[in-house]
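Just below is one structure, and these are the notes that go with it.
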Amino acid sequence: MTDPAPTARDAASVPVIVVGDAGPRDEGDDLLRGLNEPQRRAVTYRGPALLIVAGAGSGKTRVLTHRIALLLRNREAWPSQILAITFTNKAAGEMRERVGQLVGESARGMWISTFHSACVRILRREAEQFGFKNSFTIYDSGDSRALIKRLVKEHEADAFGLTPASVQSRISKLKNELADAESYARQANMNDPAERIFVELFGAYERALRKSNAFDFDDLIAQTVYLFRAFPHVADVYRRRFRHILVDEYQDTNHAQYSLIRELTRPVSGASSAEPYSSGGMMIFEPEPAAATDALEGASLTVVGDSDQSIYAFRGADIRNISEFERDFPGAEVVLLEQNYRSTQNILSAANAVIGNNFDRKDKKLWTDVGAGEQIVGFTGYSQHDEAQFVADEIDRLRRSGVGYSDIAVFYRTNSQSRALEEIFIRSAVPYKIMGGTKFYERAEIKDALAYLTAVANPADEMAVRRILNRPRRGIGDVTETAIARYADEQQITFRDALANASALAVGPKIQTAIAQLDAVLAEASELMLPASGEVAPASSVPEGLTLLLNKSGYLESLRRSKDPQDEARVENLDEFVAVAREFARNNPDGTILDFLTDVALVSDADDLDDGTGSVSLMTLHTAKGLEFDTVFITGVEEDLIPHRISAGEPGGPQEERRLFYVGITRARQRLYLSLAMTRAQFGEVSAAMPSRFLQEIPAELVNWRQSPGDVNGRGGTQSRALNARRPGGASGGFGGGNRYGDDLVPLGRSQRVTDPSRFPNRVTAKMRDNGDLQLAAGDRIRHDDFGEGRVDTVTGEGAKRIAHVRFDTAGAKKLLIKVAPITKL
DNA sequence: CCCTGACTCTTTTTT
DNA sequence: AGAGTCAGGG
């Protein structure tokens, strides 16, 4: 943690400034060039607190990096005195790089990281202060769900209507509010048996974590706050160190994160009554240990945010953190950035119109001087496959007109929507990359490998040891696992240590041997990765140890022998994981196994956005926050999806959904597509979808509906598009309708579009095809606009969701939603 | 202890 | 549709 003192090179690269000089220097001119007036003010203002209200695309990253660069270049701060908090590791990396480009070497030693990474660094240093070991491991949500699941089962809490998911989310919410089991119990209604059992679970969960020497995600923040409050002298070390704290995406901070910032920016009440260490912008050249007993004013705080982009209320983000910033930090300066440097005016107008429907917000209008740009393109498909095919075709068209794949992104509301897109993209040979979703690190084989590493790095982590106990199959089942746990309990040793005493367990000889082997493999790996006395293992021991574990445990062997075809892919995934470990060792020559595990635990969805491969990026609207692309497709713009059905019942839900849509729109630089489908399969059954209410909020003249919801009536949607991906010249098929809109979607004439009210997005909502309660029965003949004639086999489902299973004369068997399909009974 | 097949529940968003 | 869970038989 102690950063190297600035080198001679640093000193040479910056002009020497006289101590006591206040404010930015002329030397920063190039850092201010090209900035507009508010941006400039945001870069140069000096004071205890600064709030930068930064609309989407208003150059806030530029402002932040230049602000840091100016602080460094003017010698107002050492790199080590700067703490910058970003939302993702990727954003942190970018910021570090950009500051580096501005000021060179002197950028080293800054803390630029996420809340979670910063807290891990602090906790690793200080864990011993409060009963943890610095080898603690981090439970991701999957790990903690597994633990909670076990506890729920053990406490038979399901009888009280407590599911693992509900318990997990409640605990998470409470931790974000800085409550612990004890404080919560004091004000809980203990007459309610469900409440009592929840309190019990909460407490058991906390104890299990502590026993395992582990923190969950929420703990990383909450325990750091606890640490600072319980041990002021520890907090003072960090208060002295960080003199400039900058927080990005402040609108999405939760109470725990807010409290952490508050703690860090508190003044230090020195032990002696010496002169204040710093005042009025005085330069601070002293390294931190000096004058450690002096009083010190609070660190200077800069926060950047936009309440219109607050989309994480569901995980405890509190919009009040930003809206009441001025009250929290009296005398705070506020700077508004409204000029947008990202998008065309059409895109901004749509965004402004949409977000304007949220009441209870400060009016803020993004504007640009780059001109109107292209119209937004709208499209309605018959099914989600049809919609996906449109996206794929359009990407192909853009590609041929010179747009790179990596400049294109496709957004959706829920992860499950990616499936249809993927299917079509594969068939259409569109290279794509899914960010987040079923993550690499969530795959079972990767979690197993991680559990092996964890069992070595933190033997106290019982969950990890239990996980690998019978992976690969060793014949160790429930009974044996319980026997080990009981033995560990009796002997007052850890679960891991109990493995070393296999012979003492009342289990068969075969199983004893299996346990002893596992123990030996773990011991061998420990020796390699955690050499006993003082010496530090080289980073290369991480991939080596991993390989050893996977081989000698028999894990790889059993996968290779397996006849399950999926296991082949698992082996490949593990190979990739070993490659990741090698990469880590190469990038972090001093990295330990714990560093590796920490890195892996804290990667975020947006982090693996890679720049070089030239693929289209697929991601949820949430993941899209903070990113930008030339071309953006927002898909599934339907009621019940965006706004999501579940949001309707939550206070502030619909408004947050609107912000989410707004975030999506404002990611686009040049081109924006909004698409939806008339029917969508969900839970394995098809149902009718309605256009999102948000579409109506966009002024009609901004949108060019290639196919509006109204147009899908009776002639538009064809599954043929989706079913015949590559279809040169529309030669395939043989359907009655043929290729109505293949690769060359001809936009409707402008006058027609604007004057025909049926094409106004705000009229289309009601104009869906509706066959009413058209009755069909097995044996009926029907005609489909695209598939031609066919015979009904059966009818399933009820009401609006009745589905006809039809055997078409030429197009084969299809399932059709009777209510909306373009069909007539013959 | 392990495998199989029937059954159920899921889908909001994530560090 | 797909993943996770459970009961029953090997």
Side-chain angles (χ1 to χ4, degrees), chain A residues 85-92 113-120 138-142 144-146 149 153 158 163-165 168-169 172 175-176 215-222 249 252-254 256-257 310-317 384 411-420 423 435-439 441-444 470 472-481 507-508 510-511 514 564 566 598 601-607 619-626 636 640-650 653 656-657 659-661 663-664 680-686 815:
Chain A
I85 303 285
T86 58
F87 204 65
T88 63
N89 294 300
K90 177 172 182 285
S113 69
T114 62
F115 270 107
H116 295 267
S117 302
C119 286
V120 169
I138 300 161
Y139 278 23
D140 66 21
S141 10
S144 71
R145 193 187 327 121
K149 206 163 169 185
K153 198 177 257 174
D158 47 344
T163 64
Q168 184 178 26
S169 95
S172 173
K175 287 188 175 184
N176 286 334
F215 294 107
D216 67 18
F217 276 147
D218 304 313
D219 281 339
L220 295 177
I221 317 289
E249 307 283 10
D252 281 322
T253 51
N254 60 35
Q257 293 164 334
S310 161
I311 55 173
Y312 282 105
F314 71 92
R315 73 172 196 211
Q384 70 263 46
F411 302 156
Y412 35 80
R413 177 63 176 78
T414 66
N415 280 305
S416 60
Q417 288 168 252
S418 69
R419 205 168 289 154
E423 273 173 34
M435 325 213 10
T438 314
K439 280 165 261 176
Y441 294 108
E442 280 172 16
R443 293 166 199 257
N470 201 32
R473 301 243 143 80
R474 301 184 171 92
I476 302 176
D478 251 6
V479 180
T480 310
E481 188 177 329
V507 295
K510 246 192 175 142
I511 294 182
D564 183 342
Q566 287 201 328
T598 304
L602 297 181
V603 292
S604 65
D605 275 355
D607 287 345
M619 70 193 84
T620 65
L621 286 163
H622 282 89
T623 304
K625 190 174 80 152
D640 290 350
L641 223 37
I642 178 155
H644 197 275
R645 181 182 310 126
I646 292 174
S647 72
E650 290 163 5
E656 176 146 324
E657 296 287 309
R659 291 194 292 268
L660 189 55
F661 188 51
V663 166
R680 192 163 290 273
Q682 226 176 181
F683 304 137
E685 75 174 2
V686 183
K815 290 184 222 171

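Quick caveat, the model's predicted, so the values are computed rather than measured. Chain identifiers are assigned alphabetically (A, B, ...) following the order of the sequence lines, protein sequences preceding nucleic acid strands; residue numbering begins at 1 within each chain.
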At under 4.0 Å, does any side-chain N or O of [X] touch on OP1 or OP2 of [N]?
X        : N      : value
A:Ser117 : B:dT15 : no
A:Thr480 : B:dC1  : yes
A:Asn176 : B:dT15 : no

Give one of base, sugar-phosphate or nothing for [X], where a contact means two heavy atoms less than 4.0 Å apart.
X        : answer
A:Tyr312 : sugar-phosphate
A:Val479 : sugar-phosphate
A:Asp218 : nothing

Could you tell me how far apart [X] ([atom1]) and [N] ([atom2]) are, to the nearest whole angstrom?
X        : N      : atom1 : atom2 : answer
A:Met435 : B:dT13 : CE    : P     : 15 Å
A:Glu442 : B:dT14 : CD    : P     : 10 Å
A:Arg145 : B:dT14 : CZ    : C1'   : 12 Å
A:Glu249 : B:dT14 : CD    : C1'   : 14 Å
A:Asp252 : B:dT14 : CG    : P     : 12 Å
A:Asn415 : C:dA3  : CG    : P     : 14 Å
A:Ile311 : B:dT15 : CD1   : P     : 11 Å
A:Glu685 : C:dA1  : CD    : P     : 11 Å

Hey, is A:Lys625 close enough to A:Asp252 for a salt bridge, meaning N to O under 4.0 Å?
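Yes, A:Lys625 and A:Asp252 are salt-bridged.
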Are the side chain of A:Gln168 and the backbone of A:Ser141 linked by a donor-acceptor contact shorter than 3.5 Å?
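Yes, because the side chain of A:Gln168 sits within donor-acceptor range (under 3.5 Å) of the backbone of A:Ser141.
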May I ask you to decide if A:Ile476's main-chain N or O and A:Asn470's side chain share a donor-acceptor pair within less than 3.5 Å?
yes
Sort out for me which residue in A:Ile642, A:Leu621, A:Leu660, A:Val663 forms a side chain to side chain contact (heavy atoms under 4.5 Å, CB included) with A:Phe411.
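Filter result, single survivor: A:Leu621.
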Taking the six-membered ring for Trp, are A:Phe314 and A:His622 closer than 6.0 Å centroid to centroid?
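Yes, the ring centres sit under 6.0 Å apart.
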Of the listed nucleotides (C:dT5, B:dT14, B:dT15), which one gets closest to any side-chain atom of A:Lys149?
C:dT5
Would you mind telling me which of B:dT15, C:dG4, C:dC6 lies closest to the side-chain atoms of A:Lys153?
C:dC6
All N/O contacts under 3.5 Å from nucleotides 8-11 of chain B to the protein, with atom names and distances to one decimal?
residue : atom : partner  : partner atom : Å
B:dT11  : O2   : A:Ser416 : OG           : 3.4

Ring stacking, A:Phe314 with base of B:dT13, under 5.5 Å and under 30°?
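By the stated criterion, A:Phe314 and B:dT13 stack.
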Close side-chain approach of A:Thr620 and A:Tyr412, heavy atoms under 4.5 Å
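A:Thr620 vs A:Tyr412: side chains touch.
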Which pair of non-hydrogen atoms, one from A:His644 and one from A:Glu657, has the smallest distance, and what is that distance?
N-OE1, 2.8 Å
Write down the distance separating the P atoms in B:dT13 and C:dG4, rounded off to the nearest Å.
15 Å
Quick one: do the A:Glu656 and A:Ser647 side chains pair a donor with an acceptor below 3.5 Å?
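Their side chains do not contain a donor-acceptor pair, so the 3.5 Å distance test is not met.
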Select from A:Thr620 and A:Asp478 the residue whose nearest nucleotide in DNA chain B is closer to the 5' end of that strand.
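That would be A:Asp478.
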Along DNA chain B (nearest heavy atom to each residue), the more 5'-positioned of A:Glu657 and A:Arg473:
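Per heavy-atom nearest nucleotide, the more 5' residue is A:Arg473.
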